[in-house]
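So you know, we letter chains A, B, ... as the sequences are listed, proteins then strands, and number each from 1. This one's a predicted model, so the numbers in the text were calculated from it and none came from an experiment.
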Amino acid sequence: MPAASSHDFIDRCAWAVDLSPEQRERVKRVTTVREYAQGDYVCHKGEMAEHWLGVVEGIVKITTVSPSGKSVTFTGVPTGGWFGEGAVLKSEIRKYDVMALRRSRIAFVPRDTFQWLLDTSLPFTRFLLMQFNERLGQFIAAVEYERLLDIDSRVARAVSSLFNEHLYPSLGNTIEISQEEIGLLAGISRQRANQALKVLEQQGLVRVDYGVIVVLDLEGLRQYGE
DNA sequence: TCATTAAATTGTT
DNA sequence: AACAATTTAATGA
């Protein structure tokens with residue numbers, strides 16, 4: 001079914017540029033793409049991980065349930081981001097839930113192909129190492145942000161975590177995201193997201209346009225509230 | 001290119 | 001949650 005042209009997004013992935021034509025061909029052949037509506041779950045905690053997942057278009061959020069029972073967002077993953085490598089690598093179950101914040105298309109790379117790339121491509125292995133390192137950084141930031149009760153700070157974190165030049169290189173300093181989606185991401189109401197974004201805009205950290213957020217001071221955004 | 005309209009998003013209560 | 005205002009995108013003259 002998948003004509004080569006329908007999987008062109010593979011060519012634009014940072015981890016694919018250094019693959020051999022044969023490797024890329026195999027990836028394109030076995031990769032499937034599924035579409036999800038807003039609010040749909042891409043995968044659930046506890047499921048066996050059979051695929052490495054990429055956001056072809058849209059945005060998803062990765063959440064876990066804290067011991068106290070409340071849902072806490074680990075991070076959002078925008079277009080161009082890949083996730084789920086941890087569970088695939090170790091043939092484990094998913095450690096989190098993944099929900100689409102808007103209509104999104106998700107790519108599924110089968111586990112055996114993922115393993116094969118790891119075995120045969122040094123550039124791919126390097127990419128994965130980088131990805132793990134960046135995610136570790138995000139995790140550390142998330143642990144700190146857990147104790148931040150201030151809503152404005154949490155929104156600042158949620159937005160700044162979307163801007164990572166290694167994990168999501170295609171993003172630049174602008175992201176198309178509505179305030180409702182910010183609310184979903186940060187676990188707050190759209191109204192409160194609107195309020196928080198105004199505060200951040202007044203501080204000169206972001207510019208809020210129609211359906212768009214432009215980051216003016218990424219470092220300031222990351223450190224906001226500390 | 002401009003005007004009209006519908007849909008999405010934002011501002012406010 | 002509801003409503004009004006604003007912006008965008010699509011349509012057709």
Asker: Could you encode protein contacts along nucleotides 7-13 of chain B as a string, one character per nucleotide from 5' to 3', using B for base contact, S for sugar-phosphate-only contact and - for no contact, with a heavy-atom cut-off of under 4.0 Å?
Answerer: -BBBBBB
Asker: Please write out which residues are connected to A:L136 in a hydrophobic cluster, directly or through intermediates, given that two of Ile, Leu, Val, Met, Phe, Trp, Tyr count as joined at side-chain heavy-atom separations below 4.5 angstrom.
Answerer: A:I140
Asker: Can you list every ring pair (Phe, Tyr, Trp, His ring centres under 6.0 Å) pair that touches residues 88-123 of chain A, not counting sequence neighbours?
Answerer: A:H51-A:F108, A:W52-A:F114, A:F114-A:F124
Asker: Enumerate the residue pairs fulfilling salt bridge (Lys or Arg N to Asp or Glu O under 4.0 Å) with a member in residues 109-127 of chain A, sequence neighbours excluded, ordered by first and then second residue.
Answerer: A:E50-A:R111
Asker: Please collect all ring pair (Phe, Tyr, Trp, His ring centres under 6.0 Å) contacts where either partner lies in residues 165-213 of chain A, sequence neighbours excluded, each pair once.
Answerer: none
Asker: Using the test side-chain hydrogen bond (donor to acceptor under 3.5 Å, both in side chains), find all partners of A:T63 that sit at least two apart in sequence or belong to another chain.
Answerer: none
